[in-house]
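Take a look at the structure set out below.
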Amino acid sequence: MQEAFVNLNGIPTHIITWGKWIEESLSDVTELVICITGNPGLPGFYTEFCGALQQELGADGHNLPVWVIGHAGHDDPPEASIREVPQLSGNQELFNLDGQIAHKIDFIKKYVPSHVKIHLIGHSIGAWMILQLLKDQEIRNRIKKCYMLFPTIERMMESPNGWTFTKIAMPLYSVFGYIFFNVFNALPIWLRILFIQIYFWIFSIPKQFTGTALKYGKPSVAEKVVFLADDEMARVRGLQRELVENNLHLLKFYYGTTDGWVPVSYYNQLKFDYPQADAQLDTKKIAHAFVLRHSKPMASIVSNMIQQNLH
């Protein structure tokens, strides 16, 4: 595993890779895997999933590099870094959905040579971003297959979690969020870690994500996570039918059965409208935020998907 912050669309961005690093020569590589995260878009939450995925693919003789890119502004570089993430105020266009898409386009065009075919994984809002990337013909031509995991590609605000977010979480955040995150960050580091680990214990989340959760707790990061979520509620409405229809052969959908963001009714509607769609319903009760507790079983599922589309 290698990681660093690189400049993308003017934003220092955390990239983590397994296999080849993004700046290594890919002359002997014909296919690779890129994972676009959900929201919050901190790559640290995806290390277990992507590491297990690369291992699974390697065990079957397919040594594909696996790269994960988070979202612009969701992960600040180390304090010693000379590069800083611009503040949200006055730079909203860098951190909204359009800014995040431009950010992913910059990454692919800068680091993936034209001869390399891409297996593109999109988790949650990452799946919606993939649909927008397919509008770019240069990128579309490089895509081998897109794997849309727990895809928030329609009617986000109408989902149970969308209702809770817009009616309860956002009003609370707008009143108390700034105070909460600033008070939390003023606490000694040991106390912040203790609170995070208590939370993780209550919700059975592995301790390995403590460092990533600490980053997520920074006010400058939290406000960009919430800002993007708010934009998702406003923008991700009806299914983009023309986009889906034109790219159906490139898309593989994986829906959950316990997903408050993407109810099973969304899967049923997709299959009703597009019987030929390659859409699968989970049978293992894997959660929407699979990276927290179900990384390894999900890596096995995605590895099998990718192997069916190699060469």
Side-chain angles (χ1 to χ4, degrees), residues 5 8-16 35-47 49 68-77 84-104 107 122-129 149-152 156-157 159 161-185 192 195-196 199-200 203 205 209-236 260-262 287-292:
F5 280 80
L8 296 171
N9 201 36
I11 310 288
T13 303
H14 193 187
I15 305 293
I16 308 179
C35 177
I36 299 175
T37 67
N39 182 17
L42 292 91
F45 285 128
Y46 289 76
T47 51
F49 167 68
V68 61
I69 175 173
H71 298 318
H74 289 207
D75 203 344
D76 285 348
E84 285 187 1
V85 176
Q87 63 180 20
L88 176 60
S89 179
N91 295 295
Q92 287 89 341
E93 75 285 351
L94 293 174
F95 304 111
N96 63 11
L97 283 168
D98 290 337
Q100 300 296 350
I101 292 154
H103 178 255
K104 309 307 176 285
F107 176 65
H123 175 217
S124 193
I125 195 62
W128 187 87
M129 291 180 191
L149 310 181
F150 306 90
T152 53
M156 283 191 72
M157 198 187 286
S159 69
N161 284 9
W163 187 93
T164 303
F165 177 82
T166 51
K167 303 296 184 189
I168 300 171
M170 267 309 283
L172 283 173
Y173 177 82
S174 63
V175 177
F176 301 111
Y178 181 82
I179 297 166
F180 171 80
F181 282 106
N182 277 281
V183 168
F184 180 75
N185 270 272
R192 278 180 276 160
F195 282 138
I196 288 168
Y199 178 87
F200 280 10
F203 292 99
I205 299 169
F209 296 119
T210 301
T212 303
L214 267 177
K215 292 181 176 185
Y216 177 29
K218 291 179 66 177
S220 60
V221 170
E223 69 173 355
K224 295 182 183 84
V225 168
V226 174
F227 173 74
L228 180 60
D230 198 34
D231 198 32
E232 292 168 25
M233 298 304 127
R235 294 272 305 276
V236 183
W261 287 109
V262 192
H288 179 89
F290 70 86
V291 291
L292 297 180

I need the [X] [atom1] to [Y] [atom2] distance, nearest 0.5 Å.
{"X": "Leu214", "Y": "Phe184", "atom1": "CG", "atom2": "CZ", "result": "6.0 Å"}
{"X": "Thr166", "Y": "Glu232", "atom1": "OG1", "atom2": "CD", "result": "12.5 Å"}
{"X": "His14", "Y": "Asp76", "atom1": "NE2", "atom2": "CG", "result": "11.5 Å"}
{"X": "Met233", "Y": "Ser159", "atom1": "CE", "atom2": "OG", "result": "6.5 Å"}
{"X": "Ile101", "Y": "Asn96", "atom1": "CD1", "atom2": "CG", "result": "8.5 Å"}

Would the number of heavy atoms belonging to other residues, nucleotides or ligands and lying under 6.0 Å from CZ of Phe107 be above 12? yes
Looking at Glu84, I'd like to know if its CD atom is crowded, meaning that more than 12 non-hydrogen atoms belonging to other residues, nucleotides or ligands lie closer than 6.0 Å. no
Counting N and O atoms only, with roles assigned by atom type, does the side chain of [X] sit under 3.5 Å from a partner on the main chain of [Y], one being a donor and the other an acceptor?
{"X": "Thr13", "Y": "Ile11", "value": "yes"}
{"X": "Asn185", "Y": "Gly217", "value": "yes"}
{"X": "Thr152", "Y": "Ile125", "value": "yes"}
{"X": "His123", "Y": "His288", "value": "yes"}
{"X": "Asn39", "Y": "Val225", "value": "yes"}
{"X": "His71", "Y": "Gly38", "value": "yes"}
{"X": "Thr37", "Y": "Pro43", "value": "no"}
{"X": "Gln100", "Y": "Ala72", "value": "yes"}

Minimum heavy-atom distance [X]-[Y], with the two atoms named:
{"X": "Thr47", "Y": "Ile16", "value": "CG2-CD1, 3.8 Å"}
{"X": "Lys215", "Y": "Leu42", "value": "CB-CD2, 3.8 Å"}
{"X": "Phe165", "Y": "Val226", "value": "CZ-O, 4.3 Å"}
{"X": "Val85", "Y": "Gly73", "value": "CG1-CA, 3.9 Å"}
{"X": "Leu88", "Y": "Phe227", "value": "CD1-CD2, 3.7 Å"}
{"X": "Ile205", "Y": "Tyr199", "value": "CD1-CE2, 4.1 Å"}

Starting from the C-alpha separation in whole Å, work towards a yes-or-no answer on side chain to side chain contact (heavy atoms under 4.5 Å, CB included) for Cys35 and Tyr46. CA-CA 9 Å; Cys35 177; Tyr46 289 76; 4.0 Å; yes
Before you tell me yes or no, could you show the steps for Phe95 and Asp231 under side chain to side chain contact (heavy atoms under 4.5 Å, CB included), namely the whole-Å CA-CA distance, both residues' side-chain angles and the distance that decides it to 0.1 Å? CA-CA 10 Å; Phe95 304 111; Asp231 198 32; over 6 Å; no
Stepwise side chain to side chain contact (heavy atoms under 4.5 Å, CB included) test for Val221 and Asp75: CA-CA 7 Å; Val221 170; Asp75 203 344; over 6 Å; no
Before we go on, tell me: are the rings of Phe290 and Phe49 under 6.0 Å apart, centre to centre? yes
Step-by-step side chain to side chain contact (heavy atoms under 4.5 Å, CB included) determination, Trp128 to Leu97: CA-CA 10 Å; Trp128 187 87; Leu97 283 168; 3.8 Å; yes
If we only count heavy atoms from C-beta on, is the Phe181 to Lys218 side-chain gap below 4.5 Å? no
Less than 4.5 Å apart, side chain to side chain, heavy atoms only: is that true for Tyr173 and Glu223? yes
Phe45 and Phe209 aromatic ring geometry - parallel, tilted or perpendicular at 30°/60° bounds: tilted
